[in-house]
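A quick write-up on the structure given underneath.
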Amino acid sequence: MIHKIVIENFFSVADRQEIVLKAPGNAPDMPCFRPSHADPDERLPLVVGFFGPNASGKSTILRAVVAATAFARESFTLPIDGTIPFFQPYMRKDWMRKPSIIEVEFDGHISVDQPASLFRYTLHIAHNFESINPSPFKTVAYEALFHAPKGKFRKIFERKGQGFSFGKEFGITDSDPRVLSIRSNASTISTLAQLNHKQSMDFKSFLAGIKTNIAGYDRAQGHANQMLPFYSENPVYLEHLIQELQRLDVGLETMKIEQGNMGTNAMFKHVGLDMPIYMNEESAGTRRFIEIFPRLQYVLETGSVALIDELDMDLHPLLIPELFRWFSDKQRNPHGAQLFFTAHNPALLDELEKEQIFFTEKPSGEPSRVYGARDIKGLRREPSLMKKYLGGELGAVPHIG
């Protein structure tokens with residue numbers, strides 16, 4: 001479970017933005033909050049939504065988490081002289097030579113046989129601009145992993161440029177020859193995992209559990225057809241998908257995946273129809289549900305985190321609260337999986353508590369800022385935050401004209 005996200009100098013974000021997810025002590029005991037694995041006295045929201053105008057920085061928040069965790073997990077595969085992708089500073093001169101900073105605090109395990117504790121992963125990416133090349137070569141300025149098994153953070157590893165130090169629990173020393181293989185454009189974790197360092201391999205596997213529809217700079221322009229090979233290879237997921245589609249009353253009797261001359265395709269049998277319907281004939285909402293369902297199902301089974309950009313795109317507004325209920329249901333979500341999403345539909349505000357809602361604003365010519373609904377002075381736990389939002393009382397609305 002994620003406790004806190006810090007972003008600085010990353011795309012539309014300039015000044016340090018902190019997203020603290022801990023529910024305050026006076027928040028009611030509700031199914032949408034679940035005790036942290038690391039600290040049972042600390043409650044965290046299971047669903048977190050980001051709302052705001054177009055280009056206000058909503059997706060940037062999710063993209064920061066995706067970029068940092070993907071770098072930690074996969075950057076060893078970058079070319080030796082390749083620049084680090086998907087990190088961009090706030091494009092103003094006084095920020096362009098400062099590092100981009102992302103920090104995430106989350107529940108984790110130092111090893112599978114140890115109890116959960118709070119972890120903090122910090123990453124600083126330096127942008128080395130040169131006058132002859134406006135595209136900067138990016139390197140790791142700082143990288144660290146700390147954990148707090150007894151309430152106080154202690155070092156697992158810390159890196160300042162190409163200088164490294166390691167805590168005892170990481171199972172490696174500064175003089176280990178594998179450390180020499182860590183390049184300036186690759187993470188400590190991804191490199192040591194490639195070189196069979198057990199703790200790094202375990203942590204890389206843990207990060208691989210985070211699921212998202214964000215690819216690179218934007219939401220993945222995926223199509224449900226691209227998920228068909230996955231369903232074909234994972235029939236249990238296909239069975240769960242069919243059950244949900246039937247329960248959501250889209251008139252579906254069954255869905256079959258077939259291999260043909262044109263590749264993998266899906267065939268749908270609907271109530272009242274004598275002939276099947278193929279994927280490209282299905283509704284946009286059904287195709288969208290088929291696309292995101294495996295990510296949600298996976299994290300619900302494993303207790304991981306899903307980061308879904310534009311969750312409300314093509315989905316009926318009554319369907320999305322049902323997805324929220326999946327995460328609040330202890331039987332459906334026994335391990336405390338979390339869903340982070342962006343959306344434009346203000347009706348969703350009335351399906352969430354104020355501790356689950358964050359807004360993004362980007363005034364003309366200024367960087368993005370992020371604030372929680374609970375940070376708005378005098379905002380009570382009211383039945384319709386949507387009305388207040390549309391009335392401009394909560395901020396983060398577009399200004400037209």
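Counting begins at 1 with the first residue of the sequence.
- Here E18 pairs with R16 in a salt bridge; the nearest charged N to carboxylate O distance falls below 4.0 Å.
- Taking the centre and axis of the six-membered ring of F76, the NZ or CZ atom of R183 falls inside the cone set by 45° and 6.0 Å.
- Residues Y231 and Y237 keep their aromatic ring centres 6.0 Å or farther apart.
- Annotation: F206 is not in aromatic contact with H109 [ring centroid separation under 6.0 Å not met].
- The existence of a salt bridge linking E282 and R287 is excluded, since no basic side-chain nitrogen approaches an acidic carboxylate oxygen closer than 4.0 Å.
- In this structure, R154 fails the cation-pi test against F146, since its NZ or CZ atom is not both closer than 6.0 Å to the six-membered ring centre and inside 45 degrees of the ring normal.
- Within 6.0 Å of NZ on K22 lie no more than 12 heavy atoms contributed by other residues, nucleotides or ligands.
- Contact check on E244 versus R332 returns a salt bridge, with a Lys/Arg side-chain nitrogen under 4.0 Å from an Asp/Glu carboxylate oxygen.
- Minimum interatomic distance between S187 and A72 (heavy atoms only, all atoms of both residues): OG-O, 2.8 Å.
- With no hydrogens or angles considered, a side-chain donor-acceptor pair links T122 and E103 at under 3.5 Å.
- Aromatic pair F10/F87: centroids less than 6.0 angstrom apart.
- Relative to the ring axis of Y298, K211 places its NZ or CZ within 45° and under 6.0 Å from the centre.
- The environment of F230 atom CZ is dense: over 12 non-hydrogen atoms of other residues, nucleotides or ligands sit within 6.0 angstrom.
- In this structure, a donor-acceptor pair under 3.5 Å is present between the side chains of S190 and S75.
- Other residues, nucleotides and ligands contribute at most 12 non-hydrogen atoms within 6.0 Å of the CD1 atom of I80.
- A salt bridge links R247 to E322: one of the charged nitrogens lies within less than 4.0 Å of a carboxylate oxygen.
- A donor-acceptor pair shorter than 3.5 Å can be found between the side chains of Q259 and T264.
- In this structure, R159 is not positioned above the aromatic face of Y142 in the sense of NZ or CZ being under 6.0 Å from the six-membered ring centre and within 45° of the axis.
- Checked against the 6.0 Å centroid criterion, the rings of Y389 and F359 qualify as a close aromatic pair.
- For the pair L339 and F324, the minimum side-chain heavy-atom distance is below 4.5 Å.
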